[in-house]
Amino acid sequence: MAYTAKVDRDLCIGSGDCVRIAPKTFQLDSENKSVVIAQGADSDETLMEAAQTCPVAAIILTDPTGKQVYP
């Protein structure tokens, strides 16, 4: 389906769980907050796992139509 990932930087606490689960999509920046480095690099299943693992629900996933699928 090809989810699009976005990080709410106001919520992000830099736990790094998303980077551990989906390293092709996320990395921590100089502020120790997650950023999206590539869309479509990890599978939808991997992105969903990364989003669900985020302790503060800072990862927003949308489908190709723009509908929010998580959270």
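It should be emphasised that the depicted structure is a prediction, and the values quoted were computed from it without experimental measurement.
- No side-chain heavy atom of Ile37 sits under 4.5 Å from any side-chain heavy atom of Thr25.
- In this structure, Ala22 and Thr46 approach most closely via the heavy-atom pair CB-CG2, 3.8 Å.
- Proximity of Cys18 to Ser34: side-chain heavy atoms (C-beta onward) are separated by under 4.5 Å at one or more points.
- Panel note: side chain Asp44, backbone Tyr3; a donor-acceptor pair is recorded below 3.5 Å.
- Ionic pairing of Asp10 and Lys33 is not present here: no N-O contact between side-chain nitrogen and carboxylate oxygen is shorter than 4.0 angstrom.
- In this structure, Leu61 CG and Lys67 NZ are separated by 13.0 Å, a value rounded to the nearest 0.5 Å.
- Taking the side chain as every heavy atom from C-beta outward, Ile59 and Lys6 never approach each other to under 4.5 Å.
- Nearest heavy atom pair, residue Ile21 against residue Thr53, reads CD1-OG1, 3.4 Å.
- Using modelled atom types, one side-chain atom of Asp42 and one backbone atom of Lys24 make a donor-acceptor pair closer than 3.5 Å.
- Taking CG of Asn32 as the start and OG of Ser15 as the end, the distance is 9.5 Å to the nearest 0.5 Å.
- Contact annotation: the side chain of Phe26 approaches that of Val7 to within less than 4.5 Å [non-hydrogen atoms, C-beta and beyond].
- Looking at heavy atoms from C-beta onward, Pro55 lies in side-chain contact with Ile13 at the 4.5 angstrom threshold.
- Clustering ILVMFWY residues whenever any of their side-chain heavy atoms sit less than 4.5 angstrom apart, transitively, puts Leu47 in the very cluster that holds Val19.
- Side-chain contact between Pro71 and Ile60 is present, with heavy atoms from C-beta onward closer than 4.5 Å.
- Going from atom OG1 of Thr62 over to atom CD of Gln68 covers 8.0 Å, rounded to the nearest 0.5 Å.
- Under the 3.5 Å distance criterion, the side-chain polar atoms of Gln27 are left unmatched by any main-chain donor or acceptor of Val36.
- Taking the side chain as every heavy atom from C-beta outward, Arg9 and Val35 approach each other to under 4.5 Å.
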